[in-house]
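Remember, it's 1-based here, ligands and their atoms both numbered in the order they're listed. Just the heavy atoms: all of them, side chains too, but no hydrogens, waters or symmetry mates, feed the values below.
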Amino acid sequence: MRVLLIGNGGREDAIAWKLAKSKELKKLYIASGNPGTARWGENVAIKTEDIGEIVKFAKENKVELVIVGPEDPLADGAVDALEAAGIKAFGPNKAAAQLEADKSFSKQIMRSSAVSTAEGRTFTRFEDAKAYIASRDEPVVVKAAGLAKGKGVIVCNEPSDGILAAEKIMVDRIFGSAGDKVVVEDKLIGEEASILAFVDGRSIYVMESAQDHKPVGDGDTGPNTGGMGAYSPAPVVTDAMMSQIEREILVPVVDCMNRNDTPYKGVLYAGLMVTAGGPRVLEFNVRFGDPETQPIMMRLKSDLLEVCLAVCEQKLDRVTLEWDERPAVCVVMASGGYPGDYEKGKVVTGISEAEQLKDVVVFHAGTSVKDGKLVTAGGRVLGVTAIGGTIADAKKQAYEAVGKISFEGAHYRRDIADKAIRGKK
Ligand code: AMP
Ligand code: GLY
């Protein structure tokens, strides 16, 4: 099968790595990919958001399946355009992608399907948001309703901070038009988990659990990032809780999307807070998570291409997902200054030494090649991922690999997976 993967981050490097192991794969293109994905297929210079060019390339190159990695092309209708051209596309169409692209739509679906989430309201006028926040005694979270690269959420501890946050988003427009609408919701307390499921419109197949590390600093301090590391499985999600999440969150949402005439297909990702009262939904994403995908792909034993195809053909009930029992840990190495401003073009060394270690894969995210040398080209540069007998072994191996890699200004968290290791004791 001839496959085109859309995206250029660590998630796509992990997906490409896994697709390359498929017996069914004849040719893999990645648009636009990165030096990591070039190891598993052929990178093509088409921008992720250039849907017209993507469709044209897929037609001209007899691509049979397109897998869309990031949310932006999904929200812009990449799947609709590909399907209209008769090409199978993995991911939700534009209408269903609103589940991530519009947080107020997402809240409405949660309400209609009686899914447990934080109490919240949507506003388009700052004065109304201000009055609502002032009337609450609880700490609130203020969210730009549109897509803001995972950074459009401000978690506040005092009601007055909430008003300032709403002002920044609605009046100062720090997230641009993503902040035309805001969702204000109660702040939830607990440990986060990411549950991803394959959905074909009718059936659901839940993947193994994972946990991201959003804040930049050790001990969950500092500003939020795209994600500084992840591990799978997440012990905070017990087997009983996993069944509850499927029964009370994923199935009702997929049913509701059908009733709403926005049937869902692709990966449905529930970002959860495991509170004292059980799991509550923080958000839905309409794609694989980054960096959760890196440890999840390392643990997936089944053929990813077969599963993606089954999703597109509504035959998910015919596949079985098999998993490596061993846990996997991904540590993100980031550019100095990230998630704020950072410089690019720093030479990266030591990747081949790191990959000589057993059960280690170094996934590329923000890298490029300049004058024959591998250099940094983004905030999150690498996802150094290892699988091990225990979560502590996987962590040790991942950090040993990190220790062999260097570039000027590199920084990373040193406590990835500690919550899981503590949870095991
Ligand atoms: P979201 O993009 O909606 O998942 O929000 C990004 C991050 O903000 C989440 O991963 C949480 O760390 C935090 N967050 C979002 N909503 C809440 C909430 N209601 N309570 C506490 N933290 C939240
Ligand atoms: N890891 C968070 C995300 O993919 O949105």
Show your working on salt bridge (charged side-chain N to carboxylate O under 4.0 Å, His left out) between Asp393 and Arg326 and close with a plain yes or no.
-> CA-CA 10 Å; Asp393 292 342; Arg326 295 174 300 160; over 6 Å; no
Please determine whether a side-chain nitrogen of the Lys or Arg among [X] and [Y] lies less than 4.0 Å from a carboxylate oxygen of the Asp or Glu.
X	Y	value
Lys143	Glu283	no
Asp220	Lys214	no
Glu208	Arg299	yes
Glu83	Lys265	yes

Distance-only donor-acceptor pairs under 3.5 Å for side chains of residues 300-311, two or more places apart:
| unit_1 | atom_1 | unit_2 | atom_2 | d |
| --- | --- | --- | --- | --- |
| Ser302 | OG | Thr320 | O | 3.2 |
| Ser302 | OG | Glu322 | N | 2.5 |
| Asp303 | OD1 | Ser22 | OG | 3.0 |
| Asp303 | OD1 | Leu305 | N | 2.9 |
| Asp303 | OD1 | Glu306 | N | 3.2 |
| Asp303 | OD2 | Ser22 | OG | 2.9 |

Does any non-hydrogen side-chain atom of Phe284 lie less than 4.5 Å from one of Glu100?
-> no
Would the number of heavy atoms belonging to other residues, nucleotides or ligands and lying under 6.0 Å from NZ of Lys88 be above 12?
-> no
First-shell residues of ligand 1 [heavy atom, distance under 4.0 Å] | Lys103, Ala118, Val141, Lys143, Val153, Val155, Glu185, Asp186, Lys187, Leu188, Glu192, Lys214, Asn224, Met273, Leu282, Glu283
Please report, to 0.1 Å, the donor-acceptor pairs under 3.5 Å made by any side chain of residues 5-17, with sequence neighbours excluded.
| unit_1 | atom_1 | unit_2 | atom_2 | d |
| --- | --- | --- | --- | --- |
| Arg11 | NH1 | Phe288 | O | 2.9 |
| Glu12 | OE1 | Gly9 | N | 2.8 |
| Asp13 | OD1 | Thr37 | N | 3.3 |
| Asp13 | OD1 | Trp40 | NE1 | 2.7 |
| Asp13 | OD2 | Arg39 | NH2 | 2.9 |
| Asp13 | OD2 | His364 | N | 2.7 |

Contact set, ligand 2, heavy-atom distance under 4.0 Å, ordered by chain/number, equals Asp212, Lys214, Gly226, Tyr269, Asn285, Arg287, Gly289, Asp290, Pro291, Glu292
